[in-house]
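Worksheet: the structure to be examined is printed underneath.
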Amino acid sequence: MTAGRAIVVGAGIGGLTAALALARKGLAVTVLEQAPEFGEVGAGIQVSPNASRVLVELGLESALLDLAFVPEAVERRTWRRGHRLVHLPLGHEVARRHGAPYLHLHRADLHEVLAAAALATPGIETHLGAACASVEQDADGVTAIDAGGRRFAGDLLVGADGIRSVVREALFGPAAPRFTGCVAWRGVVPADAVREAHVRPVAANWMGPGAHFVHYYLRRGALVNFVAVVEKTGWETESWTERGGKSELRADFAGWHPTVQGLIEAADPDACFKWALHDRDPLPRWTEGRVTLLGDACHPTLPFMAQGACMAIEDAAVLAECVASEAAVPAALAGYEGLRRSRTAGIQRGSRANATLYHLRGPKAWLRNATLPLAAGRLAKRTDALYAYDAFAAAKGA
Ligand SMILES: Cc1cc2nc3c(=O)[nH]c(=O)nc-3n(C[C@H](O)[C@H](O)[C@H](O)COP(=O)(O)OP(=O)(O)OC[C@H]3O[C@@H](n4cnc5c(N)ncnc54)[C@H](O)[C@@H]3O)c2cc1C
C-alpha cells in the first residue's frame with residue numbers, strides 16, 4: 001500500500017515517528033493529539049542505536065546531534081561507596097559498531113525535532129486538542145471520533161496514545177495498568193551547579209537497597225538529568241507535573257554517595273517531580289482489522305533498560321515497512337504485530353527483572369556485586385544484540 005490515509009492517535013515520540021515513517025512511504029497521515037499544544041516533560045531520555053538508526057534514516061541525525069550529549073559509557077556502581085561494577089563503552093565505539101549513535105536528549109528537544117519534521121512534511125496533517133474518544137471500522141475503512149464529535153476517516157488507524165490508550169480499550173476493553181511499587185523522582189540541574197559532585201560523562205546507575213539512582217548529561221553537557229527510583233507504596237499518581245517535596249527525596253537517598261547527594265542538593269525544590277511507575281503484562285495481540293497499537297499503548301515498559309521510547313520508535317519503522325509492502329491493510333498490520341510482539345515482550349520482562357536486580361538487599365546484593373564484574377562479557381554481548389536490531393531490515397526480511 002503506497003497510497004491511502006493513516007490516522008495516528010497520539011503525538012508522543014511514538015506517534016510522531018510513526019507519522020514520519022508512514023508519510024515517507026507515500027501515505028497521507030492525520031495525527032490526532034489530545035493536548036492543545038505540542039510538548040514533552042522537562043526530563044531526559046536515552047536513545048540507543050537500535051532506535052537512533054530509525055531517526056537517522058528519517059533525516060533527523062544532525063538536528064538531534066546538535067542537541068544531544070553522547071555518553072562515553074554505561075556504568076553501574078554501588079550506592080554508598082561507589083564501587084564500579086560495570087563499564088560498557090558507548091560513544092564512538094558504539095556508533096562505529098552499529099552505524100548509529102547512542103544519544104542522551106532532553107525529551108522536549110527530541111519531541112520538538114519530531115514535531116518540526118512532521119509539521120514540515122506536506123502529507124502530514126496534525127490536529128491538536130483532538131482527543132480520540134472512539135473508533136469505528138468496517139471492510140472499507142476506519143474512523144476516529146474525537147471528544148467533540150469530529151470524525152477523521154482513513155484506511156488504517158494506529159493507537160499511539162500511551163499507557164492509558166483509548167484505542168487499546170476500544171479494541172480489547174478496559175484494564176487498569178499495574179502499579180509496580182516503585183516511584184521515580186526526576187530532576188534536571190545545570191551542570192555548573194554540580195561541578196564538585198564529579199558527575200562522569202556516562203549513563204550512570206547507582207544501585208542500593210530498594211532504590212537506584214540514574215544520571216546523565218543532556219544538551220551537550222549543559223544539564224544533568226537524574227531519575228531516582230525508590231520502592232514506595234500508598235502513592236500512585238502518574239504525572240510529571242506532580243511536585244514532590246525535596247526533603248522526601250533527600251530522605252529517600254540519605255547516606256548515598258556524595259555524587260548522588262550533590263545532584264539532589266542542586267535540584268530546584270520547585271522542580272522535583274515524582275511519578276508512580278506502572279506497567280502491564282505483554283498483550284497476546286494488539287491488532288484488530290484496520291486498527292493497531294504502537295509504543296506504550298501496547299507494550300508499556302518500565303524505564304530500567306531505557307528502552308520504552310526506543311521500542312516505540314522501532315515499532316514505527318517496522319509498521320511503515322509492513323504497510324508499504326502489503327496491499328491489504330489487515331494483513332499488513334497483522335504482519336507488523338507479528339514482527340514486534342516477541343521483541344517488545346522480552347524488553348518488558350527484562351526491564352521488570354532489572355528492577356529486582358538493581359534493588360537487592362543484604363546477601364543478595366553482596367552476591368550481585370561480586371558477580372556482576374565477572375559477567376561483563378555476557379552483558380556486553382546482550383547489549384550489543386539489543387542495539388544491533390535494524391527495524392527496517394527486520395521488516396524487509398519477513
Ligand atoms: C522515568 C522514566 C524514564 C524513561 N526513560 C526512558 C529512556 O531513557 N529511554 C527510552 O527509550 N524510554 C524511556 N522511558 C519510556 C518512555 O518515556 C515511553 O516508553 C515513551 O514515552 C512512550 O511513547 P509513546 O509515544 O508510546 O507514548 P506517550 O509518550 O505516552 O505519548 C502518548 C501521546 O498520546 C496522547 N494521547 C493520549 N490519549 C489520547 C487520546 N485519547 N487522543 C489523542 N491523543 C492522546 C498523549 O497526550 C501523548 O502525547 C522512560 C519512562 C519513564 C517513566
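Everything numeric here is computed off the predicted structure, so don't read it as measured data. Whatever order the structure lists them in is the order used to number ligands and atoms, beginning at 1.
Connection of Leu119 to Leu67 is established within a shared hydrophobic cluster, with ILVMFWY side chains joined at heavy-atom distances below 4.5 Å, either directly or through further cluster members. Placement of Trp256 and Val202 in two distinct hydrophobic clusters is found when ILVMFWY residues are connected by side-chain heavy-atom separations under 4.5 Å, directly or transitively.
With salt bridges taken as basic N to acidic carboxylate O contacts below 4.0 Å, one links Glu265 and Arg250. Salt bridge status for Asp281 with Arg352: present, with a side-chain N to carboxylate O gap under 4.0 Å. We find that Arg340 and Asp315 are joined by a salt bridge, their nearest charged nitrogen and carboxylate oxygen being less than 4.0 Å apart. Electrostatic pairing of Arg361 and Glu231 counts as a salt bridge here, judged by a charged N lying under 4.0 Å from a carboxylate O.
Only the side chain of Val9 comes within 4.0 Å of ligand 1, counting heavy atoms alone; its backbone N, CA, C and O stay farther away. With a 4.0 Å heavy-atom cut-off, ligand 1 is reached by no atom of Ala35. Contacts with ligand 1 closer than 4.0 Å are made by no heavy atom of Arg164, backbone or side chain.
With ligand atoms numbered from 1 in the order given, ligand 1 contributes 25 (O) to contacts under 4.0 Å with heavy atoms of Ile13. The ligand atoms of ligand 1 that sit less than 4.0 angstrom from a heavy atom of Ala130 are 42 (N), 43 (C). When each atom of ligand 1 is checked for a heavy atom of Val166 under 4.0 Å away, the hits are 41 (N). Proximity to Leu32 (heavy-atom distance under 4.0 Å) selects the following atoms of ligand 1: 43 (C), 44 (N). Applying the 4.0 Å criterion to heavy atoms of Gly14 picks out, from ligand 1, the atoms 25 (O). Applying the 4.0 Å criterion to heavy atoms of Gly308 picks out, from ligand 1, the atoms 10 (C), 11 (O), 12 (N), 15 (C), 19 (O). Under a 4.0 Å criterion applied to the non-hydrogen atoms of Ala160, ligand 1 contributes the atoms 32 (C), 33 (C), 34 (O). For ligand 1, the atoms lying closer than 4.0 Å to a non-hydrogen atom of Gly295 are 26 (O).
For the side chain to side chain donor-acceptor pair (under 3.5 Å) condition, the pairs that include at least one residue of residues 56-73, sequence neighbours left out, are Arg24-Glu57.
Residue Leu277 places a heavy atom under 4.0 Å from ligand 1. Using a non-hydrogen distance threshold of 4.0 Å, Arg186 does not register as a contact of ligand 1. Ligand 1 has at least one atom lying under 4.0 Å from a heavy atom of Ala131. Close to ligand 1: Arg107, with a non-hydrogen atom less than 4.0 angstrom away.
Cation-pi geometry between Arg343 and Tyr389 is met: under 6.0 angstrom from the ring centre, within 45 degrees of the axis.
Between Val227 and ligand 1, a contact under 3.5 Å exists for no N or O pair. Here's the thing with Thr301: none of its N/O atoms is less than 3.5 angstrom from an N/O atom of ligand 1. Considering both main-chain and side-chain atoms, Trp275 never comes within under 3.5 Å of ligand 1 through any nitrogen or oxygen pair.
Side-chain contact between Leu386 and Met305 is present, with heavy atoms from C-beta onward closer than 4.5 Å.
Under the rule for a side chain to side chain donor-acceptor pair (under 3.5 Å), the partners of Asp252 that lie at least two apart in sequence or sit in another chain are Trp185, Lys232.
In this comparison of Pro303, Cys132, Ala170, the heavy atom closest to atom 2 (C) of ligand 1 sits on Pro303.
In this structure, a donor-acceptor pair under 3.5 Å is absent between the side chains of His198 and Glu196.
Within a 6.0 Å sphere centred on CD of Glu75, other residues, nucleotides and ligands contribute more than 12 heavy atoms.
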